[in-house]
Amino acid sequence: PFYAAPEVVREGIFSRAADAYAYGILMYELYCAKPIWVPDASVPGGYVQQPDFPNLPAHAPSEYVALMNDCLQAAHLQRPTFDVVISRLR
């Protein structure tokens with residue numbers, strides 16, 4: 001559930017766009033070297049989101065930030081396909 005896209009959590013809609021969302025989370029975690037979810041026993045479920053997610057440090061490359069933000073779009077139809085992700089990574 002830590003990498004689940006909003007539409008998966010709310011409506012159970014699984015698609016490749018949900019995978020793009022998970023990839024955006026991984027991009028954040030790899031760049032920041034920390035998970036987006038941190039343990040917190042005081043809340044139901046025992047985890048809270050990092051307060052700075054999805055913001056990357058100011059020195060992050062703009063192309064990386066743009067790709068990550070595109071992958072994390074709330075509307076699944078606005079997320080890039082992996083063909084687009086791969087071309088933008090090149």
Side-chain angles (χ1 to χ4, degrees):
F2 292 139
Y3 298 93
E7 67 276 9
V8 173
V9 174
R10 288 191 306 259
E11 304 164 41
I13 298 173
F14 293 87
S15 68
R16 291 184 180 176
D19 295 338
Y21 188 87
Y23 187 74
I25 293 173
L26 288 172
M27 290 179 72
Y28 172 88
E29 291 184 339
L30 289 170
Y31 196 88
C32 294
K34 61 184 176 184
I36 68 162
W37 296 100
V38 293
D40 185 341
S42 70
V43 298
Y47 287 89
V48 295
Q49 213 171 60
Q50 288 280 0
D52 57 347
F53 177 77
N55 301 311
L56 292 177
H59 63 274
S62 60
E63 297 88 358
Y64 190 92
V65 173
L67 178 57
M68 184 194 77
N69 287 335
D70 288 348
C71 288
L72 292 174
Q73 288 292 318
H76 69 281
L77 295 176
Q78 293 179 353
R79 295 183 204 134
T81 65
F82 274 96
D83 287 339
V84 170
V85 169
I86 289 168
S87 71
R88 288 173 66 181
L89 288 172
R90 289 186 178 157

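Nothing fancy with the numbering, it's 1 onward along the sequence. Please read all numbers here as calculations on a predicted model, not as lab measurements. Atoms considered below: every heavy atom in the structure, side chains included; atoms not considered: hydrogens, waters and symmetry mates.
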Original post:
Angle class for the H59/Y31 ring planes (parallel below 30°, perpendicular above 60°, tilted otherwise)?
Top reply: tilted
Original post:
Under a 4.5 Å side-chain heavy-atom rule over Ile, Leu, Val, Met, Phe, Trp and Tyr, are I25 and I86 clustered together?
Top reply: no
Original post:
Do L72 and F2 belong to the same hydrophobic cluster, where Ile, Leu, Val, Met, Phe, Trp and Tyr are linked whenever their side-chain heavy atoms lie under 4.5 Å apart, directly or via other members?
Top reply: yes
Side-chain atoms of residues 38-45: list all donor-acceptor pairs with protein atoms under 3.5 Å, sequence neighbours left out, distances to 0.1 Å.
unit_1	atom_1	unit_2	atom_2	d
D40	OD1	S42	N	2.9
D40	OD1	S42	OG	2.5

**OP:** Treat each ILVMFWY residue as a node, draw an edge where side-chain heavy atoms are under 4.5 Å apart, and state whether F82 and Y21 are in one component.
**Re:** yes
**OP:** Report the residues that fulfil ring pair (Phe, Tyr, Trp, His ring centres under 6.0 Å) with Y3, sequence neighbours left out, ordered by chain and then residue number.
**Re:** none
**OP:** State, to 0.1 Å, how close E7 and A74 come at their nearest heavy-atom pair, and which atoms those are.
**Re:** OE1-O, 4.2 Å
**OP:** Measure the spacing between CG of N55 and SG of C32 and express it to the nearest 0.5 Å.
**Re:** 9.0 Å
Subject >> Closest contact, heavy atoms only, Q50 versus K34 >> reply: NE2-CD, 3.6 Å
Original post:
Are V84 and M68 joined in one hydrophobic group, where the rule is that I, L, V, M, F, W and Y side chains link up if heavy atoms are under 4.5 Å apart?
Top reply: no
Subject >> Minimum heavy-atom distance between R79 and C71, given as atom pair plus value >> reply: CD-O, 3.1 Å
Original post:
Would you call M27 and Y64 a side-chain contact if the rule is heavy atoms closer than 4.5 Å?
Top reply: yes
Original post:
If Ile, Leu, Val, Met, Phe, Trp and Tyr residues are connected whenever their side-chain heavy atoms lie under 4.5 Å apart, and connections chain through other members, are F53 and V8 in the same group?
Top reply: no
Original post:
Rounded to the nearest 0.5 Å, what separation is found between the CG atom of D52 and the CD1 atom of I36?
Top reply: 10.5 Å
Original post:
Got a second to check how far L26's CG is from D19's CG, nearest 0.5 Å?
Top reply: 10.5 Å
Original post:
Would you say the side chain of W37 lies within less than 4.5 Å of the side chain of Q49, judging by non-hydrogen atoms?
Top reply: yes
**OP:** State, to 0.1 Å, how close P80 and D70 come at their nearest heavy-atom pair, and which atoms those are.
**Re:** CD-O, 3.4 Å
